[in-house]
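In what follows, a structure is listed as structure tokens, so that the remarks can point back to it.
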Amino acid sequence: MDAKDLEAIRQIVKEETNEIRRELKKETDEIRQKTQNIYTRLEAVEEETRRTRIILENETNPNIKAIAEGHLDLS
């Protein structure tokens with residue numbers, strides 16, 4: 001092999017490496033986007049859970065207590 005062959009091999013390796021980098025960046029970007037989507041959905045679930053908890057604490061639980069108290073008198 002002479003210097004010309006080595007330069008050709010170096011150029012091929014460089015091009016292949018660049019292609020691998022581009023593919024890896026694309027896949028990494030896709031993973032970041034999917035992760036962001038998951039976080040967004042998780043935030044929505046957390047908000048809905050918070051709202052449900054507030055309803056239980058403020059409305060449902062007191063109503064259940066009132067019904068239970070009414071039944072205690074029947075005993």
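Since the structure is predicted, the reported quantities are computational estimates derived from the model, not experimental observations.
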With a cut-off of 3.5 Å and sequence neighbours excluded, list every side-chain donor-acceptor pair involving residues 53-62.
residue, atom, partner, partner atom, Å
Asn58, ND2, Ile54, O, 3.4
Asn61, ND2, Leu56, O, 3.3

Which pairs of donor and acceptor atoms, one on a side chain in residues 19-26, lie under 3.5 Å apart (sequence neighbours left out)?
residue, atom, partner, partner atom, Å
Glu19, OE1, Arg22, NE, 3.4
Glu19, OE1, Arg22, NH2, 2.8
Lys25, NZ, Asp29, OD2, 3.0

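- The hydrophobic cluster containing Ile38 does not contain Ile31, counting ILVMFWY residues as joined when their side-chain heavy atoms lie under 4.5 angstrom apart, directly or transitively.
- For Gln11, the side-chain hydrogen bond (donor to acceptor under 3.5 Å, both in side chains) criterion is met by Glu15, not counting sequence neighbours.
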Before you tell me yes or no, could you show the steps for Lys34 and Glu30 under salt bridge (Lys or Arg N to Asp or Glu O under 4.0 Å), namely the whole-Å CA-CA distance, both residues' side-chain angles and the distance that decides it to 0.1 Å? CA-CA 6 Å; Lys34 288 177 181 178; Glu30 289 173 4; 5.3 Å; no

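- By the salt bridge (charged side-chain N to carboxylate O under 4.0 Å, His left out) test, Arg41 is found to be paired with no residue, residues two or more places apart in sequence or in another chain being considered.
- Take Glu7 and apply the salt bridge (charged side-chain N to carboxylate O under 4.0 Å, His left out) test, not counting sequence neighbours, and it matches Arg10.
- With sequence neighbours left out, Asn37 forms a side-chain hydrogen bond (donor to acceptor under 3.5 Å, both in side chains) with Gln33.
- Between the OG1 atom of Thr35 and the CG atom of Leu42 there is a distance of 12.0 Å, given to the nearest 0.5 Å.
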